[in-house]
Amino acid sequence: MRTIARAVPPRPVLIAAVALTTAAGSLLLSPRIAGADPRPATREGSAPDRRAARAPAAAARRALTATVPRADPHLGYPRRQVLSPDPANPADTSLKLGLTPYHALAPRLNALQQLGDRVSVEVAGVSAGGHRLYLVTVTAPETADQATAQERMRELIENAPVTAAKSPEIKAGYKTPVLFDNNIHGDEREGTDASLDLISQLATSNDAKTKDLLAHSRLYFNLTANPDGRIAGTRANANGFDLNRDLITTSQPETRAIRALTIDKQPAVLLDLHGYVNGTLIEPTTPPHGENYEYDLFLKNTYANALGMESAVNGLGYTPAKDGVEPVQIPFRDQAEGWDDWPPVFTPQYAAFQGTVAAHTVEIPLQVNNAAYDTLPTAELRRRAAINVAVAGAAMRATLDFARSHRSSLIADQIEMFRRGAAGAEQVPVSARTVPGVPGIGPEDVYTTEFPRAYTIGADTAGARLVAHLIANDVRVLRAATGPYVVDMHQPKRGLANALLADGRDISGKVTAMYDISAWSLSRLWGATVKAVTVLPGTPLDAITAPSPAARVAPHGDLRLRLTDPAEFAALNSLLRQGIPVRRAADGSAIVPESARAKATEAAGEYDVAFDAAPLTGTTTTALHPVRVAAAVTAGELFALREMGFDVTPVSTDILNAGFDWSQADVLFVSAGLDHGDLTPAARTALGTFLTTGHGLVGRGVTGAALSSAAGLLTATPVEGDEEANGVVRVVNSGPVTLGAPDYGFVYAPVWFTELGPAVRVEQSYATGNPLLAGHWRAPDDGPGGPAAAAGRPSVVSGPRAVLFGTEPLFRDHPKGELPQVGRALFTMAHTYDGTRARAHASSGSVEESR
């Protein structure tokens, strides 16, 4: 758990009350001093993950192949279905807390559907661990024609916002969409139970307020966004992913389901239920604020709803003395920094780009996970969990009151957000004038950006992947008959388009610390050729719904597969598993014999890669064999390795000490969870035998470098920069491992290398000057760990028996263009030994054998 220190005192509450005038009328909102714990808020999971991942390969396959079913939006409500039961699981960790175990959800939902005609249940997807994701919709009944009308109005709001703003049909009849996202962190469960209670109440209440709410709203409940973690009591899903860090990459089936919900339902209001911060923490956030938002619209609504939730939660009557519950805190008002909404990797911040104008993380107060779960008496855990359910329920009910009373203004602001994007209008900086009623707005809150007129994207494998990702995020892409793809930035969701494609910003001088990652540019990190342009191409452009296939196979002779993209490594590994005699050329590409053309054609289609004509015969090549990787790595790295098609067996200190069969591995990859000093003598001897019989090491960060040093593999001293520093950096590639890699990398706790031995090659260096392109990287107070100290220093080094990375080329499976560096390193180190004879480490950095 990381603590953010305050740089300045909390923001003062400048006014005691303020009238916000909306189309629905006036509501008097009285900000209250929160009286929050003077200690700064804490957040979990911000620092680099140094635990060894152990997710099964089956979970990775499910995540890579899962598709989210999209329900027909023209179906009426209710949409009932009988859910088959799950086997009772006495090991479900929710039971200890007195909360609903996952296996009880299907029967409970079946019963809720029978309470009347307001509750509908759909299966919105399947988790990485194979569990159903439930979407519950609560609304007044709709015929198919009425549902079709709602969908037509939703599309009009996004696609024709000027017309929508004038539509009497929308003003009178459009149902406000509200989304409650629960349990995205598996060990933060109470939102699910609060939702079940609320759904039950809404299903049966016949008071005028409830009837009016359901007649004018659709309420969506993503009941448990992470059933794997709910069952196991883990923050992460079955793949080891923190799902609330995956909304930009959307590598996991659960986050793809959330993405689909936010696009299809277009919520105006969203609550993401979390724990645990005491007192209850309710966004909006501290600076820095995402620079691509229409933040004036977002802040206006998010702050107003936060005040209503604060009143409702504090009104429950819990006190520090009696219950251990502190009053609510609102970071924008009560804190200076450290709880920002800069990266759109979190559900509320992502939803803000999909039309949500009031989006909140709500951190309920009393901890029942981690050490508390293991050490507190069951009765105390259940007391805390019950209070948390009540707090979550109060926040949800207050949000429904806000959505009901502000229906007209919420939809008007959603329309205005889309209008600005489509028109290419300037952003409106926040101020006391532009956001009346929000106290304490200062220059530290003003973040805007300059949108280019368009982006162009090259039409190759990496470009096709990026375009497919943009389209999946509902970003519009155009293309002429030939030439690059074009992203016209005059589109409703320009904020998301720019958040994905822009470089980002160096914000090191803006704040002292950040919550999570500070840069994520797909333009720089995904391997595609992306350019910002000031004018649209002159050729006619048509909207596309999918990229054109990049797959092609040269018509004659041997074939050449460039190994500069993760999809190309997946294709290569597929061919090798089938026994195809693939060889590696001196330039690092793979040469496939003409006799395997049919298999190459299959691989080209499956992985969308190009097999070009190979160079003339006589070129020096190396025979390749399938690479089996023993990996002590993080969850994101394990997933990325399997995405590239490698056969990976997770290892750790404990696994090696228990006795590991090294005959099932060709190369070792270490970045987390393996400490040479903690190995038993037998395990150390077995590891040493493996590494001294021609099997190489690929290491990342200080953990990988430490193992290399302990095993005597490579002479280099790692230097670790600021542990919290992260972002996109400029690099200079100079070796075969980084051949064809982008001129940018990603770092989190960056490492560089000094005191290199005579046999050590510099594969890549941080750029001179300031290597940080975008992100947050300062020198720590107690030493020179800033970007100036790293400038010009080696970031990737290699020797005959090891390759070491100081960057994060596989971070959370995000920097797709960086993945091939690790693929090259693994093949190089695995092929120092072919099972029968050792080979020399050639001066070119690759292992060679003539033919």
Side-chain angles (χ1 to χ4, degrees), residues 63-68 70 125 241 243 245-264 292 343-347 349-351 353-354 454-479 484-489 491-504 517 519-532 543-551 564-568 570 607-609 636 639-640 643-644 728 742 744 746 810-820:
L64 291 169
T65 58
T67 57
V68 177
R70 311 290 274 266
F241 269 69
L243 299 173
R245 304 294 184 275
D246 190 48
L247 266 297
I248 277 294
T249 313
T250 45
S251 65
Q252 301 301 296
E254 299 92 338
T255 48
R256 291 173 188 172
I258 292 171
R259 179 178 67 188
L261 287 176
T262 56
I263 292 171
D264 294 346
N292 294 288
V345 297
F346 319 115
T347 304
Q349 279 62 54
Y350 177 80
F353 290 121
Q354 295 288 359
Y455 289 95
T456 62
I457 302 172
D460 56 7
T461 294
R465 177 179 53 247
L466 178 53
V467 166
H469 189 70
L470 292 170
I471 293 171
N473 282 279
D474 205 31
V475 172
R476 300 176 184 182
V477 183
L478 310 172
R479 196 182 184 194
Y485 300 98
V486 177
V487 179
D488 183 352
M489 290 298 289
Q491 61 171 294
K493 297 180 181 177
R494 68 165 179 189
L496 180 56
N498 208 54
L500 294 170
L501 294 175
D503 288 351
I517 61 169
W520 52 87
S521 172
L522 274 60
S523 290
R524 301 301 189 184
L525 297 177
W526 275 41
T529 302
V530 182
K531 297 178 181 178
I544 62 170
T545 57
S548 300
T564 57
D565 188 272
E568 292 164 348
Y607 299 103
D608 199 29
V609 297
F639 191 85
E643 184 177 329
M644 287 192 287
V728 180
Y744 300 88
F746 186 82
L810 307 182
F811 183 78
R812 297 179 184 167
D813 191 42
H814 177 74
K816 303 295 188 184
E818 311 300 308
L819 270 60

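None of the values given here were measured: they were computed from a predicted structure.
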Query raised in the report: Is there a donor-acceptor pair closer than 3.5 Å between any side-chain N or O of Gln354 and the backbone N or O of Asn473?
Result: yes

Query raised in the report: Can you list the residues that meet the side chain to side chain contact (heavy atoms under 4.5 Å, CB included) rule with Thr529, with sequence neighbours excluded?
Result: Lys531

Query raised in the report: Please, which pairs that meet salt bridge (charged side-chain N to carboxylate O under 4.0 Å, His left out) have at least one residue in residues 249-258, sequence neighbours excluded?
Result: none

Report summary line: Taken to the nearest 0.5 Å, the spacing of Leu466 CG from Leu501 CG works out to 6.0 Å

Report task. Quick one: list whatever passes ring-ring contact (aromatic ring centres under 6.0 Å, His included) with Phe353, sequence neighbours left out. Result -> Tyr293

**Report entry** Asn498-Tyr455 side chain donor-acceptor pair, cut-off 3.5 Å
**Finding:** yes

Requested in this report: May I ask you to test the Leu496-Asn292 pair for a side-chain heavy-atom distance under 4.5 Å?
Outcome: no

Query raised in the report: About how many Å separate OG of Ser523 and CG of Leu500, when rounded to the nearest 0.5 Å?
Result: 9.0 Å

Requested in this report: List for me each residue that meets side-chain hydrogen bond (donor to acceptor under 3.5 Å, both in side chains) alongside Arg524, sequence neighbours excluded, and say none if there are none.
Outcome: Asp503, Tyr744

Query - Heavy-atom check, side chain of Leu522 versus side chain of Lys816, under 4.5 Å - result: no

Query raised in the report: Are side-chain heavy atoms of Glu568 and Thr564 found at a separation under 4.5 Å?
Result: yes

Report summary line: Applying side chain to side chain contact (heavy atoms under 4.5 Å, CB included) to Ala570 and not counting sequence neighbours gives Tyr607

Query raised in the report: Taking His469 for the side chain and Ile248 for the main chain, is one N or O donor matched with an acceptor at less than 3.5 Å?
Result: yes

Requested in this report: Of all the heavy-atom pairs spanning Arg479 and Pro484, show the shortest one and how long it is.
Outcome: CG-O, 3.6 Å

Query raised in the report: Which heavy atom of Ala497 sits nearest a heavy atom of Met489, and at what distance?
Result: CB-SD, 3.8 Å

**Report entry** Pairing residues for Asp460 by the salt bridge (charged side-chain N to carboxylate O under 4.0 Å, His left out) criterion, not counting sequence neighbours
**Finding:** none

Query - Val487/Val475 under side chain to side chain contact (heavy atoms under 4.5 Å, CB included): CA gap, chis, key distance, verdict - result: CA-CA 8 Å; Val487 179; Val475 172; 4.0 Å; yes

**Report entry** Donor-acceptor under 3.5 Å (Trp520 side chain, Ala499 main chain)
**Finding:** yes

Requested in this report: Among residues two or more places apart or on two chains, list those pairs meeting salt bridge (charged side-chain N to carboxylate O under 4.0 Å, His left out) that have a residue in residues 462-477.
Outcome: Glu158-Arg476, Arg465-Asp565, Asp474-Lys493

Report task. Decide yes or no for Thr262 and Tyr350: does some side-chain heavy atom of the first lie under 4.5 Å from some side-chain heavy atom of the second? Result -> yes

Query raised in the report: Any sub-3.5 Å donor-acceptor pair from Ser521's side-chain atoms to Ala502's backbone N or O?
Result: yes

Report summary line: For Ser548 and Ala464 the tightest heavy-atom approach is O-CB, 4.2 Å

**Report entry** Closest heavy-atom pair and its distance - Val609, Thr461
**Finding:** CA-OG1, 3.6 Å

Query - Residues which pass side chain to side chain contact (heavy atoms under 4.5 Å, CB included) with Thr255, listed by chain and number, not counting sequence neighbours - result: Leu243, Asp246, Leu247, Thr250, Gln252

Report summary line: For Ala66 and Pro253 the tightest heavy-atom approach is CB-CB, 3.7 Å

Query raised in the report: Who passes ring-ring contact (aromatic ring centres under 6.0 Å, His included) against Phe639, sequence neighbours left out?
Result: Phe241

Requested in this report: Quick one: list whatever passes ring-ring contact (aromatic ring centres under 6.0 Å, His included) with Phe746, sequence neighbours left out.
Outcome: Phe811

**Report entry** Backbone N/O of Pro815 and side chain of Glu818: donor-acceptor pair under 3.5 Å
**Finding:** no

Report task. Kindly write out the residues that satisfy salt bridge (charged side-chain N to carboxylate O under 4.0 Å, His left out) with Asp608, not counting sequence neighbours, or none if the list is empty. Result -> none

Report summary line: For Ala260, the side chain to side chain contact (heavy atoms under 4.5 Å, CB included) test, sequence neighbours excluded, returns Val68, Arg70, Asp264

**Report entry** Minimum heavy-atom distance between Thr249 and Asp813, given as atom pair plus value
**Finding:** CG2-O, 3.6 Å

Query raised in the report: Going through the distances and angles, do Thr545 and Ile471 end up as a side chain to side chain contact (heavy atoms under 4.5 Å, CB included)?
Result: CA-CA 7 Å; Thr545 57; Ile471 293 171; 5.6 Å; no

Query raised in the report: Looking at CG of Leu478 and CD1 of Ile544, how far apart are the two atoms once the value is rounded to the nearest 0.5 Å?
Result: 8.0 Å

